[in-house]
Structures are given as structure tokens and as C-alpha cells.
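The structure appears below as C-alpha cells.
Everything numeric here is computed off the predicted structure, so don't read it as measured data.
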Amino acid sequence: MRTHDDDDNENDDPKPISPRCTKMHANARHVQNVTRPRSIRRHPDAMLPSRNVQNEPTEVQTRNTAPQKPTPRHIPARRRKTKPPRAAESGKVSPPLPQGACDRVDSHDGRATVETSHTGQSAMNATLPTTNANTIPLNYATSAANAPANAAERLVSLDAFRGLVMILMVSAGLSIPQVAKAYPGNAFWKFLAFHTDHVAWAGCGLWDLIQPCFMFMVGAAIPFSIASRQMKGQSFELMALHAFWRAIALTLLSVYLVSSWSPKTNWLFTNVLAQIGLGYFFLFLVAWLKPRWQLAVALSILLFYWAAFAVYPAPAAGFNFAAVNAEGWTPQLHGFAAHWEKNTNLAAAFDRRFLNLFPRKEIFTGEPGGYPTLNFIPSLATMIFGLLAGGLLRSATIPPKRKIQTLLAAGAIGIVAGLLLDATGICPSVKRIWTPSWTLFSSGCASIGLAVFYAIIDVQRHRTWAFPLVVVGMNSIAVYVMSQLMKPYIRETVQRHLGKEIFAKPLGPNFAPMVQSATILLVLWLVAFWMYRRRLFLKI
């Protein structure tokens with residue numbers, strides 16, 4: 001009698017039996033199939049399909065059935081090749097992968113990869129359902145079920161652009177302004193010094209664009225973050241709770257960093273992390289609006305912020321600027337633009353009331369650099385502009401060329417609008433108090449920068465050169481925290497082991513500050529590279 005276990009043995013031909021015994025012979029085959037489960041290489045928890053639906057044994061029955069002794073012609077399961085179940089004959093669809101047979105589900109912006117726990121088997125690609133009763137789809141993004149295959153890829157340009165901004169921030173301008181002091185009459189070093197340091201008040205240099213570009217990228221990452229959490233089945237309430245927690249964590253982390261070298265807690269909220277944290281929850285809520293309403297919210301914020309400064313009284317004639325600024329400060333803005341003068345504006349007046357509510361060593365009269373807490377309001381508009389850019393890049397219905405053109409056009413509009421507001425005197429462009437004209441101008445520059453990175457890295461696929469940037473961009477918070485806390489330690493450690501004059505040896509004493517900054521940057525990058533190789537990413 002031929003059994004199912006012998007189906008693969010082609011040389012075993014059973015003798016024919018008479019028609020009278022056909023029915024009894026079939027029943028015997030069925031009984032043997034029930035008591036002796038078929039041995040195939042499948043997950044131990046998987047349910048085996050049976051050709052006889054009515055008498056199919058349950059999983060418990062199959063496991064508890066004592067295995068029979070193999071016949072002399074029995075082939076071990078590890079060597080025998082088994083045929084897959086034939087759904088056409090049984091009339092049933094193969095059962096789904098049982099619970100517990102998956103080790104990991106990785107979400108990638110609309111697609112997922114399911115890896116089975118079988119040793120030696122390759123991973124399977126599957127599109128998992130993304131709809132959930134508690135999730136709210138993004139209005140400007142294509143759902144994961146309808147997204148093309150390439151929508152699953154991570155946009156490397158976002159990480160690379162963020163990494164470039166962070167490297168510039170950590171490098172401290174390679175201390176070029178200090179080096180330039182040794183060459184006072186050199187136009188080249190004067191040009192480099194101007195663009196590697198912040199301007200005194202009004203105007204713009206390259207270094208002034210670092211923070212707005214970073215905040216622009218925070219907004220650009222929001223659509224991808226929300227889509228990833230929706231893929232994991234998170235509800236709106238859970239995502240909102242995480243956004244609220246992240247806002248608090250970033251703000252407190254900022255206070256911790258600015259207090260690192262103080263004898264007590266320094267309650268100051270001008271650090272970039274505090275500016276992001278104070279506006280992050282509102283940014284999350286705006287992300288659920290349609291693009292036109294997001295744009296309306298951003299422009300409304302700038303309009304009302306401008307009106308509040310314009311209404312607040314400007315410093316009167318004979319005002320003592322030395323009382324709120326460093327000695328020797330001379331006003332840089334006059335006429336209507338004086339409403340935005342350093343430490344005499346609305347935001348500075350707010351800080352003199354708000355910051356003195358916290359325990360302080362002495363009464364707060366003004367921040368030396370003129371940076372106020374209320375900067376988070378117009379910088380929220382910067383993040384919303386980044387949010388619009390991120391939604392555009394994530395859209396699966398817009399071709400890449402159209403995305404690039406839109407980012408470039410939006411950037412040009414922002415730059416022209418900001419320059420016009422500054423040139424006409426309606427609103428001066430001041431980064432330190434984040435005036436509306438500065439918001440439009442800097443957001444336009446960030447939009448053009450992102451368009452260039454997206455075109456080169458994600459459209460033209462030239463990615464090798466961007467690897468050092470990606471290493472930092474994927475761990476931007478960790479790198480920023482290390483730069484705030486570890487720079488003195490790295491400098492002292494290098495000098496302790498290599499000598500006090502180690503930074504002056506390569507290029508001479510005039511370039512010692514530059515060599516020192518470059519060394520610190522290299523050490524921090526190597527730490528980030530170590531974390532990248534081990535897939536260690538600091539997230540809040």
C-alpha cells in the first residue's frame with residue numbers, strides 16, 4: 001500500500017487491488033494519514049493543510065500523536081524533499097503564517113519586511129495593512145497601500161542635509177575668526193571670518209543659516225515620522241502623547257546643557273533644543289492639517305508676531321542702552337525698524353518678566369547676545385515650512401522633477417520676500433530675534449539647499465560622497481549633546497597625551513585654534529561613526 005510518505009519514491013509501485021476492495025483500501029489510507037502526520041520542514045507552530053477537511057486533526061492532536069516507527073524505505077525529514085500543499089486539489093487557501101513565526105517587522109514608509117524565524121531561510125517581502133480605525137491619514141501623503149515600491153526607501157538627502165548642518169554647528173567655524181585676527185588686512189580671511197561667525201545684529205552670514213536650516217529639517221521629518229508610527233498601528237492619542245513628551249524632554253535637555261558650567265540651574269530657553277521643544281507639540285498638531293492650512297498658519301504666525309513688535313513702543317530718545325546691553329553698544333536700527341533693536345524690543349521685555357520668575361543668582365536684565373525666549377514662535381513657522389517640504393517629498397503622486405522645481409520656486413519666493421521686507425524697512429532681517437523677514441529669507445535658503453541635496457542624492461543617486469554627512473545626520477541629537485559636553489574633555493585629553501603644543505605643531509601657532517577645532521570635530525565624527533556601525537541612534 002502506497003502512503004503519502006512514499007510519494008517521492010518513484011521506484012515503489014504498489015500492486016493493483018480489486019475494485020471490490022477500493023473503498024476499504026481508501027479508508028485505510030485515510031486512517032493512516034490521521035494517525036501519522038506528514039513530516040515536512042515547516043515551522044513547528046504551523047498548521048499543516050489536509051486534503052480531508054472533515055476529519056482533519058487539530059494541532060494538539062497532531063502533536064500528541066505518537067510517531068510510528070519508520071519503514072525500511074523511510075527517508076529522514078532533513079534529507080527528503082517534500083512537495084508544497086496543492087491548494088487547487090484541496091480547495092482551500094494556504095493558512096496564514098501563525099502568530100509567533102515572525103521575528104521582526106520593519107516599517108519603511110509604506111512597506112514592510114517580514115523575516116521568518118526559520119534558520120537558513122531568506123526573508124519575505126510583504127505589504128502589510130496600514131489602515132487602522134484609530135489612525136488619521138495624512139492629507140498630503142499617499143497611503144502605504146497605494147505607494148510605489150520606491151516609496152519604501154528612506155530619503156538619504158534628509159539625513160545628509162541635516163548632517164551637513166550639524167557638522168557646521170559642531171565645528172564652531174573651525175575657529176576661523178580667531179585665525180583671521182592674525183591677518184587683519186587680508187580680505188580673504190576677513191571674508192571667511194564674516195561667514196563663520198554670527199553677525200552682530202541685522203544682516204546675514206553663512207553661520208546664521210545653520211539654526212534655521214536645522215529647524216527646517218525638524219519640520220521636514222515630521223511627515224515621515226507620523227507615517228512610520230501609523231505603520232506600527234499607533235493611534236493619534238498615542239502619537240500626541242509622544243509629541244508632548246518629546247517637547248518637554250527637548251526643553252529640559254536644553255536647560256541641562258546651558259547649565260553645565262553654571263553653579264546652579266540656569267533657566268534659559270534660547271538654546272536651539274529649547275526653541276524646538278517649545279514649539280514641537282504645536283508643530284505636531286499642525287501636521288494633521290491640509291497643506292494650504294499649514295501655510296495659512298505659518299503666515300498668520302509671522303503676521304501677528306510682526307504686529308506685536310510694531311505695536312510695542314520703540315526706545316525713546318536718550319535711552320540708556322548700556323543698562324540692557326554690553327557697555328559700548330550702539331543702536332543699529334533707527335526709525336520704524338527701531339522696534340526690533342537689541343534688548344529693547346517686545347521679546348526682551350517679556351524675558352525680563354518671565355525669566356525672573358525662576359530662581360536666579362542675579363536679576364535678569366537682558367541676554368548678552370539678544371536671544372529671547374519668544375523666538376520659538378516665529379521659528380515654529382520655519383518648522384512648518386519644513387513640514388510642507390517634507391510632505392511634498394513624501395508624496396507618491398508628484399514626480400521628482402516637479403518636487404525639485406517646487407522647492408526651488410518656494411525658496412526663491414521666500415528669499416525675495418525676506419529681502420524686500422528688510423530693504424523697505426517694514427521688517428529688518430535679524431536672526432537673533434527671528435524676525436518675520438528673517439524667517440522667510442532663511443526658510444527660502446533651506447528649501448533650496450534641500451532641493452539640491454534631494455536632486456543629487458535621491459534622484460541622481462550619487463550617494464557615496466554623502467556618507468560622512470549621513471553618519472552625523474542620523475544621530476544629530478547625540479552629536480549635538482556630545483559637542484556641548486565633551487569639547488573641553490577632548491581638548492584636554494589630546495594635550496595630556498600628545499603635549500600642550502600639539503595643536504600648534506602642524507601649521508604653526510596662528511593656526512592652532514583651527515587645528516584644535518578640526519581635531520575635536522574628527523573625534524566626535526569617529527564616535528558618531530562607531531554608533532552608526534553598531535546601529536545606536538539616540539532618539540527622544
### Query
Should Arg463 and Asp458 count as an ion pair when the cut-off is N to O under 4.0 Å?
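Between Asp458 and Arg463 there is a salt bridge, with a charged N closer than 4.0 Å to a carboxylate O.
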Decide if the gap between the ring center of [X] and the ring center of [Y] is smaller than 6.0 angstrom.
X: Tyr280; Y: Phe376; result: no
X: Trp288; Y: Phe236; result: yes
X: Phe467; Y: Tyr532; result: yes

Would you name the heavy atoms of [X] and [Y] that are closest together and state the gap between them?
X: Trp329; Y: Ala200; answer: CH2-O, 4.2 Å
X: Phe336; Y: Ala310; answer: CZ-CB, 3.8 Å
X: Val515; Y: Pro506; answer: CG1-CG, 4.2 Å

Between [X] and [Y], is any pair of side-chain heavy atoms under 4.5 Å apart?
X: Cys204; Y: Phe441; answer: yes
X: Gln230; Y: Ile226; answer: yes
X: Trp465; Y: Ile457; answer: yes

### Query
Just checking, any donor-acceptor pair under 3.5 angstrom between side chains of Asn271 and Tyr256?
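Result is no, nothing qualifies.
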### Message
Could you tell me if Arg352 and Asn343 have a donor-acceptor pair between their side chains, going purely by distance under 3.5 Å?
### Response
no
### Task
Anything under 30° is parallel, anything over 60° is perpendicular, the rest tilted; go ahead and classify Trp340 against Phe309.
parallel
### Task
Return the orientation label for the Tyr183 and Trp189 ring planes: parallel under 30°, perpendicular over 60°, tilted otherwise.
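Parallel: the ring planes of Tyr183 and Trp189 meet at under 30°.
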Distance in Å, [X] [atom1] paired with [Y] [atom2], rounded so as to fall on 0.5 Å steps:
X: Asn475; Y: Leu524; atom1: CG; atom2: CG; result: 12.0 Å
X: His198; Y: Gln211; atom1: NE2; atom2: CD; result: 7.5 Å
X: Trp201; Y: Arg432; atom1: CH2; atom2: CZ; result: 7.0 Å
X: Ile176; Y: Ser171; atom1: CD1; atom2: OG; result: 8.0 Å

